[in-house]
Amino acid sequence: MPQPIHIVFASLIGMAAVLIAVSTGPVPDNAAGLAHATVAAMSIGGDGPARAAAHGHWPFLFHSFTLMFAGALIYMAVRPADRTPTVRRVFVGIAAVQIAIWAAIWFSYMAAQSGPQVAIVLGFPLPTSWMLYAGWASLTLHSLYYCFAFRSIVFSDADEAEFQALLAEMKDP
Amino acid sequence: MEAYRQEIILACVGVYMVLCIAVGLWAMRRTHSADDFFVAGKNLGPLVVSLAVFSSTLSGFGFVGGPGLVYATGLSSFWMAISISALGYGLGFFLIAKRIRMIAEVRGAMSLPDILFARYGSEATRLLSAITILLGVMGYMATQILAMALVLQTLLQGTAMFADISLVACVVVSSAVLIFYCVTGGIVASVYTDLVQGLIMIVAGALVVLTAISIFDGGMAEASTILLESDPETVLPFGTLGPMASMAWFFLFGIGLAGQPHVATKMMMNRSVRDNRVIVPITLFGYVMAALLWISIGIAMRALVLGDVHLPLTAADQAAPEFLNTYAHPLLAGIVFAGLFAAIMSTADGFLNIGAAAIIHDIPRALRGRSLNNELMWARIATVVLSVIAAFIALYAFYINDTLVALLGAFGWGTFAAALAPVLILGLNWRRASPRAAVVVITVSLVINFGFQVLGMSLPWGVSPGFLALLVSFILFIAISFLDKPQKLDRDIDRILDL
């Protein structure tokens, strides 16, 4: 079974590979936007469909690797003894939710590039609402789990006792 | 009340500055040693630490730079806010907060280089990390002092009495307040002004969002429609910079948060590891509220300009001041301007603190095996010297040549992230993390960030060089650590890594 550090490393290599692939492919003129024609200090995205055609789904893959990387990295903070099947399922579940919502953001964004007028939902275009409400919330799941499982996987009573013992030893070796 | 708008704003800023001086005097009575000066005796409560962590993360950028970025590039920069708040804090607390606090207590550590030395047993790691911090501090400090003086000058020039006030005078006034409370109260004064700033930002964030929504008859939906008609990319999730640039920012800011020394050092100051359970949600909530201010002002000003309601701005960073001066209630504008000063000062004082620690504690220890005698006195002297040098750099940059600040600015978030995040995160969670990998990664990250700045290079798709440096750092760190022989850890560190 792969160790979390292997998943971390593989995700980084995946991100680097995507960066190389997208950088060595065709880069349109407006890859990072262009200056507004009349308003100073403001840029516009310009031809979004042309930009989307050039980068394809590479950014989706890139960010999926980022989410895998972050999840595996955080999992490294859990002691091996505490990496129970339940804890593993929680981490896999969080990653699945985050990637599913990221997919909703991404594919609604790509659909907005080629489809008719994009719908406004809860004050913003649909892909943006996915990002603002669901995307933001999904990324807090690790923080919520940190608070929820604090006394079991972060700093248990046994950890506290062990730390106090260590402190006592260091003061009086 | 509208007739006295400028006076109300100045009064709020004045009250805040007086408050800073009072906090400095109060904190001086609680500062008896270098440990008090640098890490508040590791005895702060969870609310103070929470607000100090989030407000020192945000700085003046959240009030000025953030809204300016949304005005200029649409929602691209929102990924910074999402990654820091939702991912960065969770990741930072899971991976480093507990063990940093434990090592600080067991080893009596007062700074991040102390922690790195304890983990790696390498004076080279301590020295390189201290030099990185010092360079970054000079860049950050110069830009913070300049920003503070420019805002003060703008406010004062709006009054008849100070219409001709010079920038030099504003640099002197704002630096004097900063130096006074940092020298007297050290980090204690810093975190308690952070507390005030954090509370202001949470309240201001909520009120500014309501103000921004109320400007448009149809609320945010109307603003979105105006932006969609003008340029759809602006209000789609990746803004005008596009997906690759936005995703690179997400990685750089979310993962890189753990490497920010002014944030990580705050994780050493709580009185108990147990408090972290409370600190995380408060920090997250505070940052989200402040981020709402950042986003709502940017979107509203862009929609107002493109909808021909407001004249175009000459600079994107005017978005927040213009919005507050024109659309916000005078009292709210005053509170937010005071919050802006608080934001700049709280970041500046945090940097002054870690910069002073680098000079009088970390670098002497790395070079001669011990720090200076009477550290508290030298810490105060170093704080004054650092502030004065940063003020001169700020003025030099403004009047003569801004290259120096731009170069030092390269040692900002991206360099701290690339140089310190892998070394800290992996060092505290992976036994194989090697000292050689730490030294190589800190050096390479400096070369990449500095190289891109000096050579004026850029990456395709608007990808930040800081992202590239962070990615390369992580890959190099893991690869070198795998190739090195596993290091035997000190007994106390070994046991802490088990906890």
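Sequence lines set the chain letters: A, B, ... in the order given, protein chains first and strands last, and positions in each chain run from 1.
Between the side chains of Glu233(B) and Gln113(A), at least one donor N or O sits under 3.5 Å from an acceptor N or O. No side-chain N or O of Thr73(B) forms a donor-acceptor pair with one of Ser43(A) less than 3.5 Å apart.
Checked by atom type and distance alone, the side chain of Asp231(B) pairs as donor or acceptor with a backbone atom of Gly45(A) at under 3.5 Å. Judged by distance alone, with hydrogens and angles left aside, the side-chain atoms of Arg277(B) form no donor-acceptor pair with the main-chain N or O of Phe150(A) at under 3.5 Å.
When side chains are defined from C-beta on, Tyr146(A) does not count as touching Leu91(B), because their heavy atoms never get closer than 4.5 Å. Put simply, the side chain of Phe163(A) does not reach to within 4.5 Å of the side chain of Arg495(B), judged on heavy atoms. Considering only heavy atoms from C-beta on, Phe124(A) stays 4.5 Å or farther from Leu236(B) through its side chain. Inter-residue side-chain proximity for Pro281(B) and Ser143(A) is flagged as unmet; no heavy-atom pair is nearer than 4.5 Å. Here the side chains of Leu228(B) and Pro125(A) are in contact, with some heavy-atom distance below 4.5 Å.
Identified by a heavy-atom distance below 4.5 Å to chain B, the contributing residues of residues 8-19 of chain A are Val8(A), Phe9(A), Leu12(A), Ile13(A), Met15(A), Ala16(A), Leu19(A), in residue-number order. For residues 92-106 of chain A, heavy-atom neighbours of chain B at less than 4.5 Å comprise Trp102(A), Ile105(A), Trp106(A), sorted by residue number.
Residues that satisfy the side chain to side chain contact (heavy atoms under 4.5 Å, CB included) test with Ser85(B), not counting sequence neighbours, are Trp136(A), Tyr287(B), Val288(B). Partners of Val305(B) under the side chain to side chain contact (heavy atoms under 4.5 Å, CB included) rule, at least two apart in sequence or in another chain, are Val39(A), Met42(A), Tyr71(B), His310(B), Pro312(B).
Separation of the Phe251(B) and Phe62(A) ring centroids does not fall under the 6.0 Å cut-off. In summary, the aromatic rings of Phe474(B) and Phe69(A) are positioned with their centroids under 6.0 Å apart.
In this structure, Ile84(B) CD1 and Leu139(A) CG are separated by 13.0 Å, a value rounded to the nearest 0.5 Å. For the atom pair CG (Asp159(A)) and CE (Met102(B)), the distance works out to 6.5 Å, reported to the nearest 0.5 Å. The distance from the CZ atom of Phe65(A) to the CG atom of Leu471(B) is 11.5 Å, given to the nearest 0.5 Å. Here the CD1-CG distance, from Ile74(A) to Leu95(B), works out to 6.0 Å after rounding to the nearest 0.5 Å.
Contact count versus chain B (heavy atoms, under 4.5 Å) is highest, among Arg79(A), His36(A), His142(A), Gln117(A), for Arg79(A). Looking only at heavy-atom pairs under 4.5 Å with chain B, the residue among Phe148(A), Tyr109(A), Trp58(A) that has the most is Tyr109(A). Residue with the most contacts toward chain B among Ile5(A), Val27(A), Val154(A): Ile5(A) (heavy-atom pairs, distance under 4.5 Å). Heavy-atom pairs under 4.5 Å with chain B peak, among Thr140(A), Val22(A), Thr66(A), at Val22(A).
The number of heavy atoms from other shown groups lying within 6.0 Å of CG (Asp494(B)) is above 12.
Looking at Ala315(B), only its backbone comes within 4.5 Å of chain A, counting heavy atoms on both sides. Looking at Leu306(B), only its side chain comes within 4.5 Å of chain A, counting heavy atoms on both sides.
Listed here is the closest heavy atom pair of Ala70(A) and Ile255(B): CB-CD1, 4.3 Å.
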Point to revise | Test log, rule side chain to side chain contact (heavy atoms under 4.5 Å, CB included), inputs Phe78(B) and Thr128(A) | key: CA-CA 11 Å; Phe78(B) 195 40; Thr128(A) 309; over 6 Å; no
